[in-house]
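See structure below.
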Amino acid sequence: MSHPEPHIRVEDLTMAYGSYVLQRDLTFTVNRADIFIIMGGSGCGKSTLLRHLVGLKEPARGRVSYGQTDFWAAPAQERDRIMRRIGILYQSGALWSSMTLAENIALPLREYTRLGAGEIQDIVELKLALVGLAGFGDYYPSGISGGMKKRAGLARAMALDPEILFFDEPSAGLDPVSARQLDDLILELRDSLGSTIVIVTHELASIFAIGSNSVFLDPDTKTMIAGGNPRQLLQETRDPKVRTFLTRGEQ
């Protein structure tokens, strides 16, 4: 049996805004091909942790390592190289409203590669097809549904073939059917592309349907109080906060 391969390591991480500490002593590993869930109640620091992982906010203390590289201790050129290997789907989709879906997806390819127009068009069409939006390249974001916007945002996040995809509340604002379709798509992408996926969410259906690993942040103790496969946590945890969160107080 092969051992999991660490993809991201977080060690003794403290997140703070000035003198205010949001979370401290966070230590966990995201393995390659994990669907890793960052979960916890409102205000615990889930989205802030995501910002630390994607290079938008420097930790007050501790390390975030990609492979063997300490991200925040690395030179700017090395950090940029790491960032080229990740894609981000923001909660709103963050599509440019003045651009078609095809133009949105093509933007990072034009900015960061030397590909010709024909090659970019082929990649755009492929990415749209991967997320179930073949034929929608000429649509503007205002002309499609919320679920389609999320899928279009995912297609753009995948434009540069990232090793790691980060999602911030991907199911927010979606009806249950669209949310389930997005979960299924995330599983398909992980299985077909071998991507490592990190998701901030509080949606129990998604947590149990797709999560293979997790960390649970607690706003009261200001640290992580659980981690591991969410389904196993539900079966094994003795922590009342974790159990209440994972059952919504129904057990």
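Hydrogens, waters and symmetry mates play no part in the numbers below; they use all other heavy atoms, side chains included.
- In terms of the side-chain contact (heavy atoms from CB on, under 4.5 Å) criterion, residue partners of Y112 (sequence neighbours excluded) are, by chain and number, R84, P108, L160.
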Evaluation steps, side chain to side chain donor-acceptor pair (under 3.5 Å), between S206 and D183: CA-CA 6 Å; S206 294; D183 287 343; 2.9 Å; yes
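- For residues 186-210, no pair satisfies salt bridge (Lys or Arg N to Asp or Glu O under 4.0 Å), with sequence neighbours left out.
- Side-chain contact between L49 and L26 is present, with heavy atoms from C-beta onward closer than 4.5 Å.
- With hydrogens and angles ignored, the 3.5 Å screen pairs a side-chain donor or acceptor of Q23 with a backbone N or O of C44.
- No side-chain N or O of D25 forms a donor-acceptor pair with one of T223 less than 3.5 Å apart.
- Looking at D34 and T196, their side chains never bring a donor and an acceptor atom within 3.5 Å of each other.
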Stepwise side chain to side chain contact (heavy atoms under 4.5 Å, CB included) test for I88 and L165: CA-CA 6 Å; I88 306 171; L165 286 164; over 6 Å; no
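- Of the possible polar contacts, one joining the E103 side chain to the T100 backbone as a donor-acceptor pair under 3.5 Å is found.
- Of all heavy-atom pairs spanning N104 and P141, the tightest one is ND2-CG, 4.3 Å.
- Nearest heavy-atom pair, I8 versus V198, reported as atom, atom and distance to 0.1 Å: CD1-CG2, 4.3 Å.
- With hydrogens and angles disregarded, no donor-acceptor distance shorter than 3.5 Å links the side chain of S65 to the backbone of Q68.
- Listed by chain and number, the residues in a ring-ring contact (aromatic ring centres under 6.0 Å, His included) with F166 amount to none (sequence neighbours excluded).
- Residues L130 and M158 are in side-chain contact: their nearest non-hydrogen atoms beyond the backbone lie under 4.5 Å apart.
- Counting only residues at least two apart or on different chains, the ring pair (Phe, Tyr, Trp, His ring centres under 6.0 Å) pairs with a member in residues 199-238 are F216-F245.
- Under the side-chain contact (heavy atoms from CB on, under 4.5 Å) criterion, I120 pairs with A106, L109, R110, L115, V124, not counting sequence neighbours.
- Summarising the local packing, CZ of R79 is surrounded by more than 12 heavy atoms from other residues, nucleotides or ligands at distances under 6.0 Å.
- With sequence neighbours excluded, the residues that form a side-chain contact (heavy atoms from CB on, under 4.5 Å) with A155 are I105, K127, V131.
- Taking each heavy atom of I38 and L53 in turn, the nearest pair found is CD1-CD1, 4.1 Å.
- Following chains of ILVMFWY side-chain contacts shorter than 4.5 Å, one can reach L189 starting from L187, so the two form part of one hydrophobic cluster.
- A side-chain donor-acceptor contact under 3.5 Å links R231 to the backbone of G211.
- The stretch residues 31-59 participates, sequence neighbours left out, in these ring pair (Phe, Tyr, Trp, His ring centres under 6.0 Å) pairs: F28-F36.
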Side chain to side chain contact (heavy atoms under 4.5 Å, CB included) assessment of I164 paired with H7: CA-CA 9 Å; I164 307 172; H7 210 165; 3.6 Å; yes
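- Applying the salt bridge (Lys or Arg N to Asp or Glu O under 4.0 Å) test to E163 and every residue at least two apart in sequence or in another chain returns R32, R85.
- Q232 places no side-chain N or O within donor-acceptor distance of the main-chain N or O of N229, the cut-off being under 3.5 Å.
- Cluster partners of L107, using a side-chain heavy-atom cutoff of under 4.5 Å among ILVMFWY residues and allowing indirect links, are W96, M99.
- Here the closest non-hydrogen pair linking L101 and L128 is CB-CD2, 4.5 Å.
- Residues K149 and L95 share a closest heavy-atom pair of O-CD1, 3.8 Å.
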Output a table of donor-acceptor pairs, distance under 3.5 Å, between side-chain atoms of residues 9-18 and any protein atom two or more places apart or on a different chain; print 'none' if there are none.
from: E11; atom 1: OE2; to: R63; atom 2: NE; distance (Å): 3.2
from: Y17; atom 1: OH; to: T48; atom 2: OG1; distance (Å): 3.2

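- Nearest approach of L233 to S214, heavy atoms of both residues: CD1-OG, 3.6 Å.
- Grouping the Ile, Leu, Val, Met, Phe, Trp and Tyr side chains by contacts below 4.5 angstrom, directly or via other members, places V177 apart from L154.
- Listed by first and then second residue, the side-chain hydrogen bond (donor to acceptor under 3.5 Å, both in side chains) pairs that reach into residues 36-46 come to none, sequence neighbours excluded.
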Residues I144, R151; criterion side chain to side chain contact (heavy atoms under 4.5 Å, CB included); working and verdict: CA-CA 11 Å; I144 59 177; R151 284 186 276 155; over 6 Å; no
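- Annotation: side chain of I37 is not in contact with side chain of V215 (no heavy-atom distance under 4.5 Å).
- Looking at residues two or more places apart in sequence or on another chain, you find a side-chain contact (heavy atoms from CB on, under 4.5 Å) between K241 and D218, D220, T221, I225, D239.
- Hydrophobic clustering of Ile, Leu, Val, Met, Phe, Trp and Tyr side chains at less than 4.5 Å, counting indirect connections, keeps L217 apart from V21.
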